[in-house]
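Reviewing the structure listed below.
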Amino acid sequence: MNLESDVRDLWQRYDDGDVDAASATVDELDTLDAFLDALEAGEVRAAEKTGSDVTSWEANEWVKRGILLNFGLRETLAREYGDVRYHDVLPLRDTEDLGDRGTRNTPDGTAIRRGAYLGSDCIMMSPSFVNVGAYVGDGTLVDSCDTVGSCAQIGANVKLGANTLIGGVLEPVEDAPVVVEDGAALGAGCRVTSGFVVGENSIVGENTLLTPRIPVYDLVDEEIYYGHLPANRRAFTRFVESSLGDHDLFAGGAYKPAVVALDIEDDTLDATRREEALRE
């Protein structure tokens, strides 16, 4: 049997109530460890792009079930990380392999959970956190106070500005996670949640909230999109009139957030260009 079939079989027995954390055998825990190893090596991913369009990302249900099994079939244990003691079902990731790939995680606050993948020439500043099942592509910068949530898919040469939150999702297993495609740059304080997809090479202004519930007014295609930002856009938050209209509690009317997307200008590209000296 291969890893996928092993995980599917174990999930079925777990779902049927035939195995739990108290009864899991060494062989079953070995399957879970092999699965986490495959995630950390980038051999399996929680989601994959099945076409050329930004909307073609699909979840790998069996991978997300494998992650859930690591919670359902493991006991919470007392653990140590440096001088920090904590309790969790998963240890933090061994980082010995990162140096061989030119990837850096600065001390005193970078935490990478077991089952997360970091590519070559990445920079992970402290404090920051990458959760189980997340994929961070080559050359990507995870800045201070950033969180990359469970199963989030971050492309190559992405810039995540300081204090950026990339949301995670494990349930339902058929839902695709947050995706930030290759070459995108997110300004400080951005929030990307609920399976939103940021198209490649797009630049997102500071403190922008990207979620499927907020419309993207794309002035390039002259379309309104939900759940994704097309490739090669410059996006920022603006407020539009709410359907609440006039109300006694809202002098001058009520407003709700929206995202406006434009073509990328040369000066915007210059402001976000990658500094190769950081990766030499």
Side-chain angles (χ1 to χ4, degrees), residues 33 35-47 67 70 79-86 88 90-168 177-192 198 200-204 206-207 269-280:
D33 284 336
F35 170 76
L36 293 175
D37 288 342
L39 281 172
E40 291 175 6
E43 295 169 357
V44 298
R45 295 177 62 168
I67 295 171
N70 274 277
R79 305 179 185 275
E80 292 188 7
Y81 177 65
D83 296 328
V84 178
R85 295 182 179 180
Y86 66 102
D88 198 358
L90 289 175
L92 295 180
R93 186 191 191 284
D94 190 331
T95 59
E96 288 185 3
D97 62 315
L98 299 185
D100 293 337
R101 299 202 303 275
T103 286
R104 289 178 278 152
N105 60 312
T106 59
D108 295 329
T110 56
I112 310 169
R113 208 173 188 193
R114 187 86 163 84
Y117 172 81
L118 269 73
S120 300
D121 300 319
C122 294
I123 300 173
M124 189 173 169
M125 300 299 295
S126 61
S128 57
F129 176 64
V130 179
N131 207 347
V132 58
Y135 182 101
V136 179
D138 296 346
T140 285
L141 170 65
V142 180
D143 212 338
S144 298
C145 301
D146 288 353
T147 296
V148 180
S150 56
C151 299
Q153 304 292 295
I154 310 297
N157 302 318
V158 169
K159 286 186 178 182
L160 301 181
N163 198 31
T164 289
L165 171 66
I166 304 298
V178 170
V179 176
V180 181
E181 293 190 334
D182 295 353
L186 276 61
C190 286
R191 302 290 185 269
V192 190
V198 178
E200 63 181 14
N201 301 318
S202 285
I203 298 170
V204 182
E206 293 88 343
N207 297 312
L269 289 173
D270 287 341
T272 59
R273 63 186 171 85
R274 171 185 164 117
E275 294 292 348
E276 295 299 335
L278 292 175
R279 292 163 179 81
E280 290 181 351

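Heavy-atom basis, side chains included; hydrogens, waters and symmetry copies ignored.
- For the pair Ser150 (side chain) and Asn131 (backbone), a donor-acceptor distance under 3.5 Å is absent.
- Applying the salt bridge (Lys or Arg N to Asp or Glu O under 4.0 Å) rule to pairs touching residues 141-152 yields nothing, sequence neighbours excluded.
- Val180 and Ala184 make their closest contact through CG1-CB, 3.7 Å (heavy atoms, listed as atom of the first residue, atom of the second, distance).
- Distance alone, capped at 3.5 Å, places no donor-acceptor pair between the Arg113 side chain and the Leu90 backbone.
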Point to revise | Derivation of the side-chain contact (heavy atoms from CB on, under 4.5 Å) call for Asp138 and Asp121 | key: CA-CA 6 Å; Asp138 296 346; Asp121 300 319; 5.8 Å; no
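- Side chains of Leu98 and Ile112 form a contact here, defined as non-hydrogen atoms less than 4.5 Å apart.
- Within 6.0 Å of atom CG in Asp94, more than 12 heavy atoms from other residues, nucleotides or ligands are found, so the atom counts as buried in its surroundings.
- Looking at residues two or more places apart in sequence or on another chain, you find a side chain to side chain contact (heavy atoms under 4.5 Å, CB included) between Glu43 and Ala38, Ala41.
- Taking Glu40 as the reference, Arg114 meet the salt bridge (Lys or Arg N to Asp or Glu O under 4.0 Å) condition, with sequence neighbours excluded.
- Note that CG of Leu141 is 9.5 Å distant from OG1 of Thr164, once rounded to the nearest 0.5 Å.
- By the side chain to side chain contact (heavy atoms under 4.5 Å, CB included) test, Ala46 is found to be paired with Val63, Lys64, Cys151, Gln153, residues two or more places apart in sequence or in another chain being considered.
- Under the rule for a side chain to side chain contact (heavy atoms under 4.5 Å, CB included), the partners of Asp182 that lie at least two apart in sequence or sit in another chain are Ala156.
- Atoms CG and SG, from Asn157 and Cys122 in turn, are 9.0 Å apart once rounded to the nearest 0.5 Å.
- Within the 4.5 Å cutoff, the side chain of Ile67 has heavy atoms near those of the Leu39 side chain.
- For the pair Val132/Asn70, no side-chain contact is recorded, criterion being any heavy-atom separation below 4.5 Å from C-beta on.
- Every residue was checked against the side chain to side chain donor-acceptor pair (under 3.5 Å) condition with Asn163, not counting sequence neighbours, and none meets it.
- Residues Val148 and Val130 meet the side-chain proximity criterion, which asks for heavy atoms closer than 4.5 Å.
- Annotation: salt bridge (Lys or Arg N to Asp or Glu O under 4.0 Å) contacts of Arg101 (sequence neighbours excluded): Asp97.
- Residues meeting the side chain to side chain contact (heavy atoms under 4.5 Å, CB included) test with Thr110, sequence neighbours left out: Asn105, Thr106, Met124, Ser126, Ser128.
- With sequence neighbours excluded, no residue forms a salt bridge (Lys or Arg N to Asp or Glu O under 4.0 Å) with Arg45.
- Contact annotation: the side chain of Ile166 approaches that of Leu186 to within less than 4.5 Å [non-hydrogen atoms, C-beta and beyond].
- Remark: Glu181 CD to Ile154 CD1 distance equals 10.5 Å, nearest 0.5 Å.
- In this structure, the salt bridge (Lys or Arg N to Asp or Glu O under 4.0 Å) partners of Glu80, at least two apart in sequence or on a different chain, are Arg85.
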